[in-house]
Amino acid sequence: MGAELKPFHVTEEPLESAVYMDYVTHPGAGAVTLFAGTVREWTNRKRTMYLKYEAYVPMAEKKLAQLGEEITKKWPGSRVAIVHRIGELSISDIAVVIAVSSPHRKAAYEANEYAIEQIKKVVPIWKKEIWEDGEEWIGGQSYKPEQGSGQE
Amino acid sequence: MIHLYYFAGLKETAGKAEESLPWEAGTAADVLQWAKNTYPAFDFSAVQMAVNEEYVLETEPIKPGDHIAFIPPVSGG
C-alpha cells in the first residue's frame, strides 16, 4: 500500500503503524515518534466490550491535513502522518496512529502530543463505548472521568 | 435546499444520518433553531456547527446548497 498511502486518512481498515513510521522517515530526520491509541478494556470500573467509532469523514480528513500543516509550520523540518480507524474496534485494536519525524527528538515528542490533543478537540470523530449492560457516546456532556486526564 | 448531517447521539435521536431542507436565507442560528424544534429530545447545548466542512459561528450566513453538519463534542483518539 506504500504507493497509495494517504498520510491523513480515516479508514475502516486495521491500522499498520509501521507503514506510517516508514512514511515519515527520511534522511533529514533524526527522530521518529510513533503514537498508537488502543482500545482499553476497563475505564473507571466499567468494562468495555468493544468500541464503535464514527466520523464525518471528509471534514475529519481535512482537519487532520490542516493539523499536519500546522505541525510542519510549528516544528520546522517535521513530517507527519495521522490516521484514524472507524467502525467496530475490539480491545487492543489500534484506533489512531500518529507518526512524526523531526531533525531532533524533542520536536518529535512535542508535535506528536500536540497532534493527539488537537484530535480530541477539533476532529469530528466520535466514540461509543459498548459495555455488558449498556452503551454511551463519549464526548463530554454526561461523561466525567472520576479523576485525572490521560483517559485516551 | 440545504443539506444537514447528523452524527453520534444526534444521528440516533433523529433516526437518520442526513436530510435536506428547503432554504432561502438565514444564519446558522436559524438552522440550529430548526433542529432544536425538530429534535427536542436531543441536547444541543454543546453542539458546534460546520458549514461546508469548516466550523462556523452561529452568525454565519447559510446559502442554498450549503452542507451543514451538527458536531456534538468529539471523542476521537
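A note on names: the letters A, B, ... follow the listed sequences, proteins ahead of strands, and every chain is numbered from 1.
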Using a 6.0 Å distance limit plus a 45 degree cone around the ring axis, check whether A:Lys74 lies over the aromatic ring of A:Tyr114. yes
Would you mind telling me which of B:Glu53, B:Gln48, B:Lys11, B:Glu12 has the largest number of heavy-atom pairs within less than 4.5 Å of chain A? B:Glu53
With a 4.5 angstrom heavy-atom cut-off, could you sort out which part of A:Lys63 is near chain B: side chain, backbone, both or neither? side chain
Contact origin within A:Ala55 toward chain B - heavy atom pairs under 4.5 Å: backbone
For the aromatic rings, using the six-membered ring if either is Trp, is the centroid distance between A:Tyr56 and B:Tyr5 under 6.0 Å? yes
I'd like to know whether the aromatic ring centres of B:Tyr6 and B:Tyr39 sit less than 6.0 Å apart in this structure. yes
For A:Lys106, does the NZ atom sit with more than 12 other heavy atoms under 6.0 Å from it, leaving out its own atoms? no
